[in-house]
2 protein chains.
Amino acid sequence: MTHDMVRPGGRTARVREAVLRAAGDLLAEGGLDHLDLGEVARRAEVGRTTVYRRWGTPAVLVADLLAEMAETSLPRTETGSLLGDLTANARLVQRTLADPRQGALFKALIAAATCDARTAEALHRFYEIRIDEWAPCVAAAVERGELPAGTDAREVVRAVSAPLYYRLLASGDPVDEAAADRAARAAVAAATAGAYGPTRC
Amino acid sequence: MTHDMVRPGGRTARVREAVLRAAGDLLAEGGLDHLDLGEVARRAEVGRTTVYRRWGTPAVLVADLLAEMAETSLPRTETGSLLGDLTANARLVQRTLADPRQGALFKALIAAATCDARTAEALHRFYEIRIDEWAPCVAAAVERGELPAGTDAREVVRAVSAPLYYRLLASGDPVDEAAADRAARAAVAAATAGAYGPTRC
DNA sequence: CGACTAATGGAACTGGAGTACCGTTATGAC
DNA sequence: GTCATAACGGTACTCCAGTTCCATTAGTCG
């Protein structure tokens, strides 16, 4: 078979880009249940049939969007101290979640993940990647002797984000800079006290 | 007008109870996007028309379910030490989120809250009530001198739940007892270090 | 450049969610 | 018990999300 292959070329990629952007916009504007595939097609200036054929369901579309987002990584700043690094991380997350568009988008992504197993997997992979990007800060702090040996670096990074997501999704309290700074301070204090160390008998 | 009044009597209440139970079951089984009002009516053995007239949309139904859940409060244990109390709280939350039915239900409730403002308000009220129920533990610890004066009791309680919800919704890591105990220990350590105290200059 | 075909896009079709209408049931006042 | 009416429930209808079908476009290879 000479011509039996996939075509990753120009048009297909262009369509995907336009559709994912439209999907992100719609999720940010109206939340998960306003993600109508017909509307996505209209916004992306793409045939309705194409969207239904390539993605089929909102869940699959969101999963694809998450895969795309996972590939684009953000630059990480290095301040030299653990508190500085984690505060930088906390503020980055805080700015993202507090931003009207991005915050609404993340809410919708998480909502979509609760409805579909594959979407959930894509979401978990996204956070796994983001956590891995920041874990070295904590590992370095362990090396410097700021934290007890055996500290679970990834768990410390998760501990910084958790309170901010809790505010965004559950309590509804504002995700402001004060909350970010407190999350970073709390994570450092807990880690210093060995709360993320190896489980003792 | 002699007969111009609402009727909170038997049948209406019975219908509401049956519908809310069916809604909870469906949310737990299939997530938010399987919450079909027609299916709810069938399960509750209630006329389809009734469900559409009284609630109209899944979001409103979920909001009503949350209002119902907010009214039923859970007993709180008192262990005498802050770590003991917060560990009890963490394990209660952990058991709830790890339970197949309850965990799926909470995921769906949070997903629903991201799609509708009134539902979100109902969810926030629910957590506000739950947090208020446990805040006295922390306040007592401040009284006993275990924590610095000025510690935000409600924020400490939120800090216990946050990592568990983060696992449930974002990272996908297991919500197990070890995670619960770690969350409680971390919250105590951070609070002891003054991370939830009044903001300094 | 020209052939081949993967991928797109328009148009017509279909099924079921949501609505409207109206008769029936049961609650509460007297 | 009797009456008035709030609330329920069955049936028929509407409308649009999702599908199917086929013509058209545009990447890829020789």
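FYI, side chains are in, hydrogens and waters are out, and symmetry mates aren't considered; it's all heavy atoms of this structure. First the proteins, then the strands, lettered A, B, ... as listed; each starts at 1.
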**Report entry** Distance, nearest 0.5 Å, that separates OG1 of A:Thr114 from CG of A:Leu123
**Finding:**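 Between A:Thr114 OG1 and A:Leu123 CG, I get 10.0 Å after rounding to 0.5 Å.
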If I take atom [atom1] in residue [X] and atom [atom2] in nucleotide [N], what distance separates them, rounded to the nearest angstrom?
{"X": "B:Arg54", "N": "C:dG18", "atom1": "CZ", "atom2": "P", "value": "18 Å"}
{"X": "B:Glu39", "N": "C:dG18", "atom1": "CD", "atom2": "P", "value": "12 Å"}
{"X": "A:Leu37", "N": "D:dC16", "atom1": "CG", "atom2": "C1'", "value": "14 Å"}
{"X": "B:Glu45", "N": "D:dC8", "atom1": "CD", "atom2": "C1'", "value": "15 Å"}
{"X": "B:Trp55", "N": "C:dG18", "atom1": "CH2", "atom2": "P", "value": "15 Å"}
{"X": "A:Arg16", "N": "C:dT8", "atom1": "CZ", "atom2": "C1'", "value": "17 Å"}
{"X": "A:Arg14", "N": "D:dT25", "atom1": "CZ", "atom2": "C1'", "value": "12 Å"}
{"X": "B:Arg11", "N": "D:dA7", "atom1": "CZ", "atom2": "C1'", "value": "5 Å"}

Query raised in the report: NA contact type, A:Arg53, heavy-atom cut-off 4.0 Å: base, sugar-phosphate, or nothing?
Result: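 Here A:Arg53 touches the bases of the nucleic acid.
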Query raised in the report: Do A:Arg48 side-chain and C:dG10 base share a donor-acceptor contact under 3.5 Å?
Result: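 Answer is no: no donor-acceptor pair is held.
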Query - Nearest-nucleotide pick for A:Tyr52, side chain only, options being C:dT8, D:dT19, D:dC8 - result: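 Selected nucleotide (nearest to the side chain): D:dT19.
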**Report entry** Residue met sooner reading DNA chain D from 5', once A:Thr49 and A:Asp36 are mapped to nucleotides
**Finding:**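 Comparing both residues, the 5'-ward one is A:Asp36.
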Query - Side-chain H-bond candidate by donor/acceptor type, A:Asp85 with A:Thr79, under 3.5 Å - result: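 Result is yes, a qualifying pair exists.
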